Amino acid sequence: MILNVLAVGDVVGDSGVEYLSRHLRGLKKLKGVHFTVVNGENASGVGILPRQAREIFDAGADVVTLGNHTWNRIQIADFLEDDRYTLRPANYTSRVPGRGWGVYDGPGGLRIGVMNLIGRCEMDSNFDNPFTTADRVLRRMEGTDVVLVDFHAEATSEKGAMGYYLDGRAQAVWGTHTHVPTADGQILPKGLGFVTDLGMTGPAESVLGIRPEQAVNRFLGGLPRRFEPAPGPCKLESVLFSIDTDQRRCVSVERVDIRA
(Lines give C-alpha, C1' and ligand atoms only; values in the text may rest on other atoms or scores of the structure.)
Protein backbone atom coordinates (compact mmCIF):
# COMPACT_ATOMS: atom_id res chain seq x y z
CA MET A 1 0.00 0.00 0.00
CA ILE A 2 0.95 3.67 -0.21
CA LEU A 3 1.34 5.07 3.30
CA ASN A 4 1.03 8.85 3.54
CA VAL A 5 3.07 10.26 6.42
CA LEU A 6 2.80 13.92 7.38
CA ALA A 7 5.75 15.44 9.28
CA VAL A 8 4.94 18.82 10.87
CA GLY A 9 7.60 21.39 11.72
CA ASP A 10 8.35 22.66 15.23
CA VAL A 11 5.24 24.04 16.93
CA VAL A 12 6.01 27.41 18.58
CA GLY A 13 3.97 28.77 21.48
CA ASP A 14 0.32 28.40 22.39
CA SER A 15 -0.60 30.27 19.20
CA GLY A 16 1.18 27.56 17.18
CA VAL A 17 -0.65 24.84 19.10
CA GLU A 18 -3.97 26.60 18.52
CA TYR A 19 -3.24 27.03 14.79
CA LEU A 20 -2.35 23.34 14.54
CA SER A 21 -5.62 22.47 16.28
CA ARG A 22 -7.60 24.47 13.71
CA HIS A 23 -5.89 23.17 10.59
CA LEU A 24 -4.27 19.76 11.04
CA ARG A 25 -7.31 17.50 10.77
CA GLY A 26 -8.54 19.26 7.64
CA LEU A 27 -5.10 19.00 6.09
CA LYS A 28 -4.89 15.29 6.89
CA LYS A 29 -8.25 14.69 5.25
CA LEU A 30 -7.30 16.73 2.18
CA LYS A 31 -4.03 14.81 1.68
CA GLY A 32 -5.23 11.36 2.75
CA VAL A 33 -2.74 11.20 5.61
CA HIS A 34 -2.45 7.90 7.49
CA PHE A 35 0.14 8.82 10.13
CA THR A 36 1.29 12.16 11.55
CA VAL A 37 4.43 13.13 13.48
CA VAL A 38 4.62 16.63 15.01
CA ASN A 39 7.71 18.21 16.56
CA GLY A 40 6.47 19.96 19.70
CA GLU A 41 9.61 21.01 21.54
CA ASN A 42 8.85 24.74 21.31
CA ALA A 43 5.16 24.56 22.23
CA SER A 44 5.95 26.52 25.39
CA GLY A 45 8.34 28.87 23.58
CA VAL A 46 11.24 26.76 24.79
CA GLY A 47 10.14 23.34 25.96
CA ILE A 48 6.71 21.77 26.19
CA LEU A 49 4.20 21.31 29.00
CA PRO A 50 2.09 18.15 29.42
CA ARG A 51 -1.02 20.23 28.65
CA GLN A 52 0.46 21.29 25.32
CA ALA A 53 1.48 17.74 24.40
CA ARG A 54 -2.11 16.61 25.00
CA GLU A 55 -3.42 19.46 22.87
CA ILE A 56 -1.10 18.45 20.00
CA PHE A 57 -2.43 14.89 20.19
CA ASP A 58 -6.00 16.20 20.29
CA ALA A 59 -5.17 18.22 17.15
CA GLY A 60 -4.42 14.98 15.27
CA ALA A 61 -0.79 13.99 15.94
CA ASP A 62 0.02 10.28 16.27
CA VAL A 63 3.51 10.90 17.70
CA VAL A 64 5.12 14.02 19.18
CA THR A 65 8.89 14.43 18.92
CA LEU A 66 11.13 16.82 20.86
CA GLY A 67 14.69 18.20 20.74
CA ASN A 68 17.28 20.27 22.56
CA HIS A 69 14.65 22.15 24.62
CA THR A 70 13.12 18.94 25.99
CA TRP A 71 14.02 19.76 29.60
CA ASN A 72 13.29 23.50 29.57
CA ARG A 73 9.91 22.65 31.09
CA ILE A 74 10.85 19.98 33.62
CA GLN A 75 7.13 19.30 34.20
CA ILE A 76 7.32 17.12 31.08
CA ALA A 77 9.60 14.55 32.75
CA ASP A 78 6.90 12.37 34.33
CA PHE A 79 4.75 12.70 31.21
CA LEU A 80 7.60 11.31 29.09
CA GLU A 81 7.90 8.33 31.42
CA ASP A 82 4.20 7.53 31.11
CA ASP A 83 3.42 8.36 27.48
CA ARG A 84 5.10 6.21 24.85
CA TYR A 85 3.79 8.41 22.01
CA THR A 86 5.94 11.39 23.03
CA LEU A 87 9.61 10.94 22.17
CA ARG A 88 12.73 12.82 23.28
CA PRO A 89 15.98 12.33 21.34
CA ALA A 90 17.27 8.77 21.67
CA ASN A 91 20.89 9.93 21.97
CA TYR A 92 20.43 11.94 25.15
CA THR A 93 22.89 10.49 27.62
CA SER A 94 21.57 7.85 30.00
CA ARG A 95 19.56 8.47 33.16
CA VAL A 96 17.03 10.86 31.63
CA PRO A 97 13.29 10.10 31.58
CA GLY A 98 11.37 8.88 28.59
CA ARG A 99 12.24 7.08 25.39
CA GLY A 100 13.74 8.03 22.04
CA TRP A 101 11.91 5.65 19.74
CA GLY A 102 8.77 3.60 19.45
CA VAL A 103 6.90 1.21 17.18
CA TYR A 104 3.26 2.03 16.52
CA ASP A 105 0.26 0.47 14.81
CA GLY A 106 -0.56 1.81 11.36
CA PRO A 107 -3.31 1.05 8.84
CA GLY A 108 -3.74 -2.53 7.68
CA GLY A 109 -1.64 -3.91 10.51
CA LEU A 110 1.51 -2.01 9.49
CA ARG A 111 4.17 -1.53 12.16
CA ILE A 112 5.61 1.99 12.00
CA GLY A 113 8.87 2.76 13.77
CA VAL A 114 9.60 6.37 14.74
CA MET A 115 13.04 7.50 15.95
CA ASN A 116 13.95 10.92 17.40
CA LEU A 117 17.63 11.92 17.23
CA ILE A 118 19.55 15.11 17.99
CA GLY A 119 22.65 16.41 16.20
CA ARG A 120 25.95 17.35 17.80
CA CYS A 121 27.29 19.91 15.32
CA GLU A 122 26.91 23.36 16.96
CA MET A 123 24.82 21.71 19.67
CA ASP A 124 25.63 20.06 23.03
CA SER A 125 28.63 17.73 22.65
CA ASN A 126 27.38 15.65 25.58
CA PHE A 127 24.87 13.95 23.32
CA ASP A 128 25.78 10.44 22.23
CA ASN A 129 26.71 9.96 18.57
CA PRO A 130 23.41 10.10 16.61
CA PHE A 131 24.74 7.86 13.84
CA THR A 132 25.75 4.97 16.09
CA THR A 133 22.60 5.51 18.16
CA ALA A 134 20.56 5.10 14.97
CA ASP A 135 22.32 1.77 14.34
CA ARG A 136 21.42 0.53 17.82
CA VAL A 137 17.80 1.62 17.55
CA LEU A 138 17.38 0.07 14.10
CA ARG A 139 18.50 -3.29 15.47
CA ARG A 140 15.80 -3.04 18.12
CA MET A 141 13.22 -2.01 15.50
CA GLU A 142 13.85 -5.11 13.41
CA GLY A 143 10.61 -6.39 11.91
CA THR A 144 8.92 -3.03 11.46
CA ASP A 145 7.44 -2.20 8.06
CA VAL A 146 8.38 1.50 7.96
CA VAL A 147 11.03 3.56 9.78
CA LEU A 148 10.70 7.34 10.18
CA VAL A 149 13.36 9.61 11.69
CA ASP A 150 13.09 13.16 13.07
CA PHE A 151 16.68 14.45 13.19
CA HIS A 152 16.73 17.59 15.33
CA ALA A 153 19.97 19.26 14.27
CA GLU A 154 21.57 22.62 13.47
CA ALA A 155 23.98 21.77 10.65
CA THR A 156 22.55 21.04 7.22
CA SER A 157 25.59 18.88 6.49
CA GLU A 158 24.90 16.66 9.50
CA LYS A 159 21.29 16.26 8.45
CA GLY A 160 22.24 15.40 4.89
CA ALA A 161 24.83 12.89 6.08
CA MET A 162 22.21 11.20 8.25
CA GLY A 163 19.89 10.88 5.26
CA TYR A 164 22.52 9.07 3.21
CA TYR A 165 23.62 7.02 6.21
CA LEU A 166 20.10 5.64 6.68
CA ASP A 167 19.21 5.37 2.96
CA GLY A 168 17.97 1.82 2.39
CA ARG A 169 17.41 1.24 6.11
CA ALA A 170 14.71 3.85 6.79
CA GLN A 171 11.99 5.24 4.55
CA ALA A 172 11.99 8.91 5.63
CA VAL A 173 14.38 11.27 7.42
CA TRP A 174 13.46 14.89 8.04
CA GLY A 175 15.29 17.67 9.81
CA THR A 176 13.85 19.91 12.50
CA HIS A 177 15.22 22.67 14.80
CA THR A 178 16.09 25.60 12.50
CA HIS A 179 12.43 26.62 11.95
CA VAL A 180 13.24 27.53 8.31
CA PRO A 181 11.70 25.30 5.60
CA THR A 182 14.06 23.99 2.95
CA ALA A 183 13.30 23.31 -0.71
CA ASP A 184 15.40 20.15 -1.07
CA GLY A 185 12.77 17.44 -0.69
CA GLN A 186 14.12 14.41 -2.53
CA ILE A 187 14.28 10.63 -2.74
CA LEU A 188 17.77 9.24 -2.20
CA PRO A 189 19.14 6.39 -4.38
CA LYS A 190 17.98 3.52 -2.14
CA GLY A 191 14.50 4.94 -1.60
CA LEU A 192 14.69 7.18 1.46
CA GLY A 193 12.61 10.36 1.43
CA PHE A 194 14.58 13.32 2.78
CA VAL A 195 14.23 17.03 3.53
CA THR A 196 16.76 19.14 5.45
CA ASP A 197 14.18 21.05 7.52
CA LEU A 198 10.40 21.01 7.82
CA GLY A 199 10.13 24.60 9.02
CA MET A 200 7.81 25.61 11.87
CA THR A 201 4.20 25.96 12.95
CA GLY A 202 3.47 29.24 14.69
CA PRO A 203 3.82 33.01 14.31
CA ALA A 204 4.48 33.94 10.68
CA GLU A 205 5.65 37.51 11.27
CA SER A 206 8.53 36.62 13.54
CA VAL A 207 12.16 35.60 13.78
CA LEU A 208 11.95 31.82 14.10
CA GLY A 209 8.68 32.26 15.98
CA ILE A 210 9.77 34.92 18.48
CA ARG A 211 9.11 38.65 18.60
CA PRO A 212 11.38 40.34 16.00
CA GLU A 213 12.40 43.10 18.40
CA GLN A 214 13.74 40.51 20.84
CA ALA A 215 15.93 38.96 18.15
CA VAL A 216 17.18 42.40 17.08
CA ASN A 217 17.95 43.26 20.72
CA ARG A 218 20.02 40.12 21.08
CA PHE A 219 22.12 40.85 18.01
CA LEU A 220 22.64 44.44 19.11
CA GLY A 221 24.06 43.19 22.40
CA GLY A 222 21.16 44.24 24.60
CA LEU A 223 20.28 42.73 27.96
CA PRO A 224 19.13 39.12 27.62
CA ARG A 225 15.47 38.40 28.29
CA ARG A 226 13.12 35.47 27.98
CA PHE A 227 12.02 35.02 24.38
CA GLU A 228 8.28 35.38 23.73
CA PRO A 229 6.32 34.04 20.74
CA ALA A 230 5.37 36.82 18.33
CA PRO A 231 1.74 37.92 18.03
CA GLY A 232 -0.18 38.01 14.78
CA PRO A 233 -0.99 35.53 12.00
CA CYS A 234 0.39 32.00 12.02
CA LYS A 235 1.54 29.39 9.53
CA LEU A 236 1.89 25.61 9.38
CA GLU A 237 4.86 24.06 7.55
CA SER A 238 5.08 20.34 6.88
CA VAL A 239 6.18 17.69 4.41
CA LEU A 240 4.17 14.73 3.11
CA PHE A 241 6.10 11.50 2.51
CA SER A 242 4.31 8.85 0.44
CA ILE A 243 5.83 5.42 1.08
CA ASP A 244 5.31 2.20 -0.87
CA THR A 245 5.25 -0.25 2.02
CA ASP A 246 5.59 -3.30 -0.23
CA GLN A 247 8.78 -1.98 -1.83
CA ARG A 248 9.86 -0.25 1.43
CA ARG A 249 10.66 2.89 -0.57
CA CYS A 250 9.48 6.47 -0.46
CA VAL A 251 7.86 7.41 -3.78
CA SER A 252 7.00 11.08 -3.21
CA VAL A 253 8.16 14.01 -1.05
CA GLU A 254 5.78 17.00 -1.10
CA ARG A 255 5.98 20.23 0.85
CA VAL A 256 2.62 21.17 2.39
CA ASP A 257 2.41 24.66 3.89
CA ILE A 258 -0.52 26.73 5.13
CA ARG A 259 -0.47 30.43 5.95
CA ALA A 260 -3.44 32.49 7.04
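Just the heavy atoms: all of them, side chains too, but no hydrogens, waters or symmetry mates, feed the values below. Everything numeric here is computed off the predicted structure, so don't read it as measured data.
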Trainee: Quick one: list whatever passes side chain to side chain contact (heavy atoms under 4.5 Å, CB included) with Ser44, sequence neighbours left out.
Mentor: Leu49, Gln52, Arg73

Trainee: Counting only heavy atoms not in Asp78, do more than 12 sit closer than 6.0 Å to its CG atom?
Mentor: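 No, the 6.0 Å shell around CG holds no more than 12 heavy atoms from other groups.
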
Trainee: If you compare all heavy atoms of Gly67 against all heavy atoms of Thr70, which two are closest, and at what distance to 0.1 Å?
Mentor: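 Looks like O-OG1, 2.5 Å.
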
Trainee: If we ignore angles and hydrogens, is there a donor and acceptor under 3.5 Å between the side chains of Thr93 and Asn126?
Mentor: no

Trainee: Any link between Val33 and Val253 through a network of hydrophobic side chains (Ile, Leu, Val, Met, Phe, Trp, Tyr) touching at under 4.5 Å?
Mentor: yes

Trainee: Given the rule in the side-chain contact (heavy atoms from CB on, under 4.5 Å) test, do Ser238 and Leu24 qualify, once you have shown the distances and angles that lead to the verdict?
Mentor: CA-CA 10 Å; Ser238 64; Leu24 181 57; over 6 Å; no

Trainee: Scan Val147, Ile112, Thr245 and name whichever one has a side chain to side chain contact (heavy atoms under 4.5 Å, CB included) with Gln171.
Mentor: Val147

Trainee: For a 4.5 angstrom cut-off between non-hydrogen side-chain atoms, does Phe35 reach Leu148?
Mentor: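 Touching, per the 4.5 Å side-chain cut-off.
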
Trainee: State plainly whether one hydrophobic cluster holds both Met115 and Val96, where clusters connect Ile, Leu, Val, Met, Phe, Trp and Tyr through side-chain heavy atoms under 4.5 angstrom apart.
Mentor: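 No, because Met115 and Val96 fall into different hydrophobic clusters, even though each may have its own neighbours under 4.5 Å.
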
Trainee: Tell me the closest heavy-atom pair linking Gly13 and Pro229, and the distance in Å.
Mentor: CA-CG, 3.9 Å

Trainee: Yes or no on side-chain contact (heavy atoms from CB on, under 4.5 Å) for Asp10 and Leu208, after CA distance, side-chain angles and deciding distance?
Mentor: CA-CA 10 Å; Asp10 307 41; Leu208 308 184; over 6 Å; no

Trainee: To the closest 0.5 Å, what do you measure between CG (Leu236) and CZ (Arg22)?
Mentor: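 Reported value, rounded in 0.5 Å steps: 10.5 Å.
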
Trainee: When you compare the side chain of Val11 with that of Asn42, does any pair of heavy atoms fall below 4.5 Å?
Mentor: no

Trainee: Can you name the residues that form a side chain to side chain contact (heavy atoms under 4.5 Å, CB included) with Ala61, not counting sequence neighbours?
Mentor: Val38, Ile56, Phe57, Val64

Trainee: With clusters defined by side-chain heavy atoms of hydrophobic residues (ILVMFWY) lying less than 4.5 Å apart, directly or transitively, does Val103 cluster with Leu110?
Mentor: no

Trainee: What heavy-atom pair brings Thr65 and Asn116 nearest, and what distance separates the two atoms?
Mentor: CB-OD1, 3.7 Å

Trainee: With the side chain counted from C-beta on, respond yes when Pro50 and Gln75 share a heavy-atom pair under 4.5 Å apart, and no when they do not.
Mentor: yes

Trainee: Do Glu158 side-chain atoms and Arg120 backbone N/O form a donor-acceptor pair below 3.5 Å?
Mentor: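 At least one qualifying donor-acceptor pair exists.
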
Trainee: With sequence neighbours excluded, what pairs up with Tyr104 under the ring-ring contact (aromatic ring centres under 6.0 Å, His included) test?
Mentor: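 With neighbours one apart ignored, the set is Tyr85.
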
Trainee: Compare every heavy atom of Pro107 with every heavy atom of His34, then report the nearest pair and how far apart it is.
Mentor: CB-CG, 3.9 Å

Trainee: Establish, for the pair Arg95 and Tyr92, whether the NZ or CZ atom is under 6.0 angstrom from the six-membered ring centre and no further than 45 degrees off its axis.
Mentor: no

Trainee: If you look only at pairs with a residue in residues 42-55, which of them pass as a salt bridge (charged side-chain N to carboxylate O under 4.0 Å, His left out), with sequence neighbours excluded?
Mentor: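 Pairs touching residues 42-55 that pass the test: Asp14-Arg51, Arg51-Glu55.
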
Trainee: Can you list everything that forms a ring-ring contact (aromatic ring centres under 6.0 Å, His included) with His69? Sequence neighbours excluded, please.
Mentor: none

Trainee: If we only count heavy atoms from C-beta on, is the Phe79 to Thr86 side-chain gap below 4.5 Å?
Mentor: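 Sidechains of Thr86 and Phe79: in contact.
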
Trainee: With a 4.0 Å cut-off, would you call Arg169 and Asp135 a salt bridge?
Mentor: yes

Trainee: Between His177 and Met123, is the side-chain contact (heavy atoms from CB on, under 4.5 Å) condition met? List the steps.
Mentor: CA-CA 11 Å; His177 177 64; Met123 301 278 267; 3.7 Å; yes

Trainee: Give every donor-acceptor pair under 3.5 Å between a side-chain atom in residues 138-145 and any protein atom, sequence neighbours left out.
Mentor:
from	atom 1	to	atom 2	distance (Å)
Thr144	OG1	Met141	O	3.1
Asp145	OD2	Arg111	N	2.7

Trainee: Go through the steps to decide whether Val5 and Ile243 satisfy the test side-chain contact (heavy atoms from CB on, under 4.5 Å), and finish with yes or no.
Mentor: CA-CA 8 Å; Val5 174; Ile243 297 166; 4.2 Å; yes

Trainee: Taking atom CZ of Arg249 and atom CG of Asp246, what is their separation to the nearest 0.5 Å?
Mentor: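 If we round to the nearest 0.5 Å, Arg249:CZ and Asp246:CG are 13.5 Å apart.
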
Trainee: Main chain of Pro97, side chain of Arg88: is a donor-acceptor contact present, judged purely on distance under 3.5 Å?
Mentor: yes

Trainee: Are Trp101 and Leu66 grouped together when hydrophobic residues (ILVMFWY) are joined by side-chain heavy atoms under 4.5 angstrom apart?
Mentor: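 Looking at the clustering, Leu66 is in a separate group from Trp101.
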
Trainee: Is there a path of hydrophobic side-chain contacts, each under 4.5 Å between heavy atoms, that joins Val37 and Met162?
Mentor: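 Per the 4.5 Å side-chain linkage, Val37 and Met162 are not co-clustered.
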
Trainee: For the side chain of Arg84 and the backbone of Arg99, is there at least one donor-acceptor N/O pair under 3.5 Å apart?
Mentor: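 No, Arg84 side chain to Arg99 backbone: no donor-acceptor pair under 3.5 Å.
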
Trainee: At their closest point, which heavy atom of Gly40 faces which heavy atom of Ile48, and how far apart are they?
Mentor: O-CD1, 3.3 Å

Trainee: Sorted by first residue and then second, give each salt bridge (charged side-chain N to carboxylate O under 4.0 Å, His left out) pair with at least one member in residues 250-260; sequence neighbours left out.
Mentor: Lys31-Glu254, Arg255-Asp257

Trainee: Can you name the residues that form a ring-ring contact (aromatic ring centres under 6.0 Å, His included) with Phe241, not counting sequence neighbours?
Mentor: Trp174

Trainee: Ignoring hydrogens and angles, write down the donor-acceptor pairs under 3.5 Å from the side chains of residues 213-222, residues two or more places apart or on other chains.
Mentor:
from	atom 1	to	atom 2	distance (Å)
Gln214	OE1	Glu228	N	2.7
Gln214	NE2	Arg226	O	3.0
Asn217	ND2	Leu223	O	3.0

Trainee: Of all residues at least two apart in sequence or in a different chain, which pass the side chain to side chain contact (heavy atoms under 4.5 Å, CB included) check with Ala90?
Mentor: Leu117, Thr133, Val137

Trainee: Under a 3.5 Å distance rule, please check whether Asn91 uses its side chain to pair with a backbone N or O of Asp128 as donor and acceptor.
Mentor: yes

Trainee: Nearest 0.5 Å, what's the CG-OG distance between Asn4 and Ser252?
Mentor: 8.0 Å

Trainee: Mind listing the closest non-hydrogen atom pair of Cys121 and Ala155 along with its distance?
Mentor: CB-CB, 3.7 Å

Trainee: In residues 187-204, what donor-acceptor pairs under 3.5 Å come from side-chain atoms, sequence neighbours left out?
Mentor:
from	atom 1	to	atom 2	distance (Å)
Thr196	OG1	Asp184	OD2	2.4
Asp197	OD1	Gly199	N	2.9
Asp197	OD2	Lys159	NZ	2.8
Asp197	OD2	Thr178	N	3.3
Asp197	OD2	Thr178	OG1	2.9
Thr201	OG1	Gly9	O	3.3

Trainee: Not counting sequence neighbours, which residues clear ring-ring contact (aromatic ring centres under 6.0 Å, His included) with Tyr19? List them please.
Mentor: His23

Trainee: Okay, side chain of Asn39, backbone of Glu41: is any donor-acceptor separation there less than 3.5 Å?
Mentor: yes

